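All values derive from a computational prediction rather than experimental measurement.
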Amino acid sequence: MVTILLIAGLAVILVVSGGLALRIRQEAALDEGQRLQRRFGPEYDRVLARHHGDTKRTSRELRARLKKYGTLQVLPLGRETRELCLARWNTVEETFADSPRQALDEAADLLTALAAARGYPMTAPLEERVAALSVHHARRVHGYRCVHEAGPAQHGTEAEDMRTALLEARAFFDALLHARPHPCPLPPQRPPPPPPAPGSAEGPRPRAQPWGQGTPGGRSAVE
C-alpha cells in the first residue's frame, strides 16, 4: 500500500513538474516574440504575414538575422561621401517629375551604394540585403524594398504608388545616411604581467622595438 502511494505521489509530482516546465517554455517563447516584435516593428508583421501567421517560424527567422548581422560593423561616412549622396538624391527627386520609373531605379542604385559604403553586404540577393539592413533599420528598411517592388520592371505600378515608394525610400535614405557608426567590439586585452618580486634577479623584459628599429642606423630591414 505504501509503495502504491509513493508511486502515485511521484507520478503527480512528475506531471506537475512537466506542466510547469511547459508553461515556463511557453512564457519564455511569448516574451521572446514580444521582444522581437518591439525591435523589428513593421518588419515583424511582414515576416509574420509571409509565414502565414506562424509565430515560431517568424521568431526563428528574426533570431537568425540578429545572430548573423547583429554584430555587423556599421562604417562611418566621410563628409565628401555624405555630400555626394545628398546631391545624387536631389537629382533623383528632380528626375521623378518627368520619369518616375527612372527615378526609382536610380534611387535603388543609390541606396544600394550607400548601404555598401556603410558596411552592409549589398552583393547578396535582395531578400538577404533586406534581412541585413532590417537588423539596424527595421522601421525604415521597407523603403528599400519599395523601390524594387515599384521599379521599372513593375509596369502596372500606379503613379501614386511610385510616389509613395519614393517617400518611403527617402525616409530610409535619411536613416542610413545619418546612422551612427557601430564599430566591432575590441577583443579582450590580457592583463599586464605582475612586476618581479623584490630582490629578484630578473629585471623587466626589454620592450619590443617598433618595425624598422633595432637594425644598424635605425634603418628599415626592407630598405
Side-chain angles (χ1 to χ4, degrees), residues 32-33 35-51 57-93 95-96 100-154 157 161-162 164-187:
E32 182 188 41
R35 288 195 300 270
L36 290 171
Q37 191 171 12
R38 286 194 299 267
R39 169 154 188 165
F40 283 93
E43 183 66 12
Y44 180 94
D45 297 333
R46 282 186 283 270
V47 177
L48 183 65
R50 193 172 73 247
H51 289 308
R57 293 179 63 190
T58 299
S59 296
R60 191 181 306 121
E61 177 177 333
L62 296 179
R63 283 199 311 268
R65 293 187 189 186
L66 289 172
K67 182 178 180 180
K68 189 172 184 178
Y69 299 112
T71 58
L72 184 142
Q73 182 182 14
V74 179
L75 303 177
L77 281 181
R79 180 178 177 181
E80 292 183 359
T81 302
R82 191 183 305 273
E83 292 177 352
L84 177 62
C85 289
L86 285 170
R88 287 184 61 184
W89 187 267
N90 290 336
T91 301
V92 166
E93 292 184 341
T95 304
F96 186 84
R101 297 188 187 280
Q102 179 183 344
L104 291 179
D105 190 25
E106 293 175 357
D109 291 342
L110 174 56
L111 290 174
T112 299
L114 177 56
R118 305 241 56 178
Y120 291 94
M122 302 310 288
T123 57
L126 175 61
E127 283 306 315
E128 190 65 22
R129 283 177 267 162
V130 171
L133 290 164
S134 70
V135 172
H136 295 108
H137 300 285
R139 300 185 182 278
R140 296 299 184 187
V141 70
H142 187 56
Y144 185 69
R145 188 185 283 112
C146 280
V147 293
H148 288 84
E149 293 177 350
Q154 308 299 327
T157 307
D161 293 333
M162 289 189 286
T164 300
L166 187 66
L167 292 175
E168 294 277 0
R170 176 61 199 247
F172 175 60
F173 171 80
D174 289 338
L176 196 59
L177 188 71
H178 300 294
R180 297 178 60 182
H182 295 284
C184 290
L186 296 176

Reported CG-to-CG distance for the pair Leu110 and Asp105, which is rounded to 0.5 angstrom: 11.5 Å
Is Leu104 close to Leu166 at the side-chain level, that is, under 4.5 Å between some pair of heavy atoms? yes
Taking all atoms of both residues into account, what is the closest heavy-atom pair of Gly119 and Leu72, and its distance? O-CD2, 3.8 Å
If you define the side chain from C-beta out and look only at heavy atoms, does anything of Leu66 sit under 4.5 Å from Leu36? yes
Report the relative orientation of the aromatic rings in His137 and Phe172; use parallel for angles under 30°, tilted for 30 to 60°, perpendicular for over 60°. perpendicular
Would you say Thr112 and Arg129 make side-chain contact, with heavy atoms under 4.5 Å? yes
Applying side-chain contact (heavy atoms from CB on, under 4.5 Å) to Tyr144 and Leu133, what does each step give before you reach the verdict? CA-CA 9 Å; Tyr144 185 69; Leu133 290 164; 4.0 Å; yes
Write out all pairs satisfying salt bridge (Lys or Arg N to Asp or Glu O under 4.0 Å) with one or both partners inside residues 62-73, taking only residues at least two apart or from two chains. Glu32-Arg63, Glu43-Arg65, Glu61-Arg65, Lys68-Glu128
So Arg39 and Leu62, do their side chains get closer than 4.5 Å, heavy atoms only? no
If we only count heavy atoms from C-beta on, is the Phe40 to Arg46 side-chain gap below 4.5 Å? no
Distance in Å, Leu126 CG paired with His148 NE2, rounded so as to fall on 0.5 Å steps: 5.0 Å
Does anything in residues 164-179 pair up under salt bridge (Lys or Arg N to Asp or Glu O under 4.0 Å), and if so which pairs, sequence neighbours excluded? Glu93-Arg170, Arg170-Asp174
In short, Ala150 meets Met162 closest at the heavy-atom pair O-CG, 4.0 Å
Return the minimal non-hydrogen interatomic distance between Gly41 and Arg139, and the atom names on each side. CA-NH1, 3.6 Å
Taking distance alone, no hydrogens or angles, what donor-acceptor pairs closer than 3.5 Å link side-chain atoms of residues 74-86 to residues at least two apart or in another chain?
from, atom 1, to, atom 2, distance (Å)
Arg79, NE, Glu83, OE2, 3.2
Arg82, NH1, Leu177, O, 2.7

Atom of Leu111, atom of Leu176 and distance for their closest heavy-atom approach: O-CD2, 4.0 Å
Heavy atoms only: give me the nearest Met122-Ala116 pair and the separation to one decimal. CG-N, 3.5 Å
Can you name the closest pair of heavy atoms from Gly33 and Tyr44 and give their distance? O-CE1, 4.0 Å
When you compare the side chains of His136 and Tyr120, does any donor N or O come within less than 3.5 Å of an acceptor on the partner? yes
Would His142 and Val130 count as a side-chain contact (heavy atoms from CB on, under 4.5 Å) here? Give the steps. CA-CA 8 Å; His142 187 56; Val130 171; over 6 Å; no
